[in-house]
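Numbering of ligands and ligand atoms starts at 1, following listing order. Because the structure is predicted, anything quoted here is derived from the model rather than measured.
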Amino acid sequence: MKYVTRSGDLGKNKVQCIVVPIHDSLEMSEPAANLNQISNGQIARVLKRGDLKNKPGDTVLLHDIANCNIQRILLVNVGPKGDLSTIKFILILKKLINVLKSLPIKNASICISNIKCEDKSLDWLIERAIEYFEAGTYEYIEMKGTSNIERTLNQIEFLCDRPSLVAIKAGIKRGKALAQGMHLAKNVANAPGNICTPTYLAKKARQLCKGNADLSLSILEEKDMKKLGMGAFLAVSQGSDEPGKLIIINYRGANKAQQPHVLIGKGITFDTGGISLKSAPSMHEMIYDMSGAASVLGTLSCVAEQKLPINIIGVLAAAENMPSGRATRPGDIVKTMSGQTVEILNTDAEGRLVLCDALTYISRYRPASVIDIATLTGAIITSLGSVATGLFSNNDELADQILNAGEFAFDRAWQLPIWEDYQPQIASAFADMANIGGKEAGSITAACYLARFAKSYRWAHLDIAGTAFQGSGPNKGYTGRPIALLSQYLYDRI
Ligand code: BES
Ligand code: MN
Ligand code: ZN
């Protein structure tokens with residue numbers, strides 16, 4: 001979809017469809033009042049009849065507006081004035097794009113600058129609009145070539161006057177960059193396990209770096225990881241015919257001396273569980289076990305596009321978790337790059353095994369902060385459902401920065417503790433630790449395991465198992481989360 005600004009007199013220009021907010025059943029926004037006057041009260045008459053229902057996002061379509069060149073007006077209920085919450089605004093955007101894409105129009109013009117949503121600025125409204133319009137029109141079509149859904153809509157115009165122009169343009173820039181990053185990440189994450197292998201992730205990372213002079217790529221192959229002593233990472237990838245890779249993307253937006261922010265994504269391209277094999281019914285969902293890695297790719301694309309003046313290291317910890325004659329057995333003990341040994345009691349707790357060696361490796365960058373992003377535990381779905389991402393951190397200031405970024409971008413996280421009290425759950429008889437912590441508090445013990453490898457810097461862990469994807473049905477797919485949170489976190493670091 002194209003997003004542009006449009007200025008000028010509403011009554012004069014030819015318009016296929018203009019979207020006009022209505023505060024509640026009878027109160028008109030400024031542009032609505034304007035059009036009402038031009039059309040000798042056409043809008044007021046419709047509102048009076050009660051066709052526009054009283055829920056936010058409800059719409060009524062008017063055709064052939066009198067005395068002007070407007071083919072359609074879509075009236076949208078945006079709730080009572082001064083009472084539009086972020087949640088309602090997002091709901092309106094989702095409903096609106098569904099209506100617009102069902103109409104036989106090529107472009108739609110939206111009066112957005114009169115909408116007031118909490119204390120949000122106009123550029124924020126535009127950024128979110130583009131984010132949700134793109135989400136509402138996204139389809140994964142790589143495997144079938146073309147879409148079977150008919151849609152003509154290909155341009156959204158944000159109506160602006162002189163005072164709103166700068167903010168609208170800034171919002172379009174942000175929104176487009178975010179949408180582009182999310183689109184890339186969705187296409188990578190939705191690709192099935194036979195296509196999306198660690199080698200494929202490396203290829204996608206290479207393509208991203210080729211397109212931007214500030215991005216450069218380096219890859220640790222299994223032989224390199226062996227030299228570095230990454231026994232935990234290799235314990236996961238050794239069961240697969242697909243070679244594991246630690247893919248490192250370096251974004252240089254600022255002076256070399258500036259410490260980088262590090263993002264590490266879990267990139268298990270398919271998680272069978274290994275010898276601790278998962279059960280059949282929902283195993284197919286595990287194509288999404290590389291969503292963390294996809295979100296790192298998407299975030300880097302988003303911020304590099306905007307030439308953000310900071311340094312970032314993106315790491316994709318890419319491996320496939322398979323059962324085979326070479327696979328790790330439950331009970332095997334391996335040595336991590338940190339020197340600590342791990343008793344692998346369950347080969348299905350593989351995410352923490354690839355991540356712990358990545359966490360050790362990146363300490364060489366002297367990071368300003370480290371965030372890992374992982375579809376790590378089913379337990380986080382029990383705790384937080386698909387609404388909030390689980391957040392764990394060894395630094396309260398960093399945790400607050402991440403929570404605030406998520407709140408602002410409406411890509412929310414919720415913090416859980418990693419108190420010492422939980423550590424005994426991962427004690428092992430024969431090694432420094434076990435890779436599982438029993439039935440209780442599974443997301444917390446997973447985070448406690450990671451914390452043992454992240455002691456030398458400010459670190460946070462995002463468990464996105466509940467928020468990254470919907471596993472089945474017509475809406476199946478990667479959600480793009482937490483790219484909006486991560487890019488906002490990085491904007492806030494400037
Ligand atoms: N990738 C899974 C976690 C997961 C489950 C993500 C469901 C998305 C949806 C992870 O590797 C895993 O298998 N975790 C185990 C850990 C257990 C063995 C301690 C789990 O959550 O069951
Ligand atoms: Mn697993
Ligand atoms: Zn997994």
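Under 4.0 angstrom from ligand 1, the non-hydrogen atoms of Asp348 come from both its backbone and its side chain. At a heavy-atom distance under 4.0 Å, no atom of Lys439 approaches ligand 1.
Taking the charged nitrogens against the carboxylate oxygens, Asp58 and Lys95 do have a contact shorter than 4.0 Å, which makes a salt bridge. With salt bridges taken as basic N to acidic carboxylate O contacts below 4.0 Å, one links Asp214 and Lys307. Under a 4.0 Å N-O distance rule, the pair Arg329/Asp332 qualifies as a salt bridge. Glu118 has a carboxylate O that lies under 4.0 Å from a charged side-chain N of Lys120, or vice versa, which qualifies the two as a salt bridge. A salt bridge is absent between Arg174 and Asp123; no separation between the charged side-chain nitrogens and carboxylate oxygens falls under 4.0 Å. Ion pairing between a basic and an acidic side chain is recognised when a charged N comes within 4.0 Å of a carboxylate O; Lys176 and Glu305 show no such pairing.
Summary: OE2 is the N/O/S atom of Glu350 found nearest to the Zn ion (ligand 3). Closest to the Zn ion (ligand 3) among the N, O or S atoms of Asp271 is OD2. When the Mn ion (ligand 2) is compared with the N/O/S atoms of Glu350, atom OE1 turns out nearest. The minimum distance between the Zn ion (ligand 3) and any N, O or S atom of Asp289 involves atom OD2.
At least one N/O/S atom of Asp271, whether from backbone or side chain, sits less than 2.8 Å from the Mn ion (ligand 2). In summary, no N, O or S atom of Asp348 is located under 2.8 Å from the Zn ion (ligand 3). Here Lys266 reaches the Zn ion (ligand 3): one of its N/O/S atoms is less than 2.8 Å from the metal.
Within the 4.0 Å heavy-atom cutoff, Ile381 counts among the residues contacting ligand 1. The closest approach between Phe469 and ligand 1 falls below 4.0 Å for a heavy atom of the residue. A heavy-atom separation below 4.0 Å is not found between Glu285 and ligand 1.
Within a 4.0 Å radius of atom 22 (O) of ligand 1, the protein contributes no heavy atom.
In this model, no donor atom of one side chain and acceptor atom of the other lie less than 3.5 Å apart for Glu440 and Tyr422. Side-chain polar atoms of Asn190 and Tyr288 form a donor-acceptor pair below 3.5 angstrom. A side-chain N or O of Glu134 and one of Tyr3 form a donor-acceptor pair less than 3.5 Å apart.
Residue Gly378 places at least one N or O, backbone or side chain, under 3.5 Å from an N or O of ligand 1.
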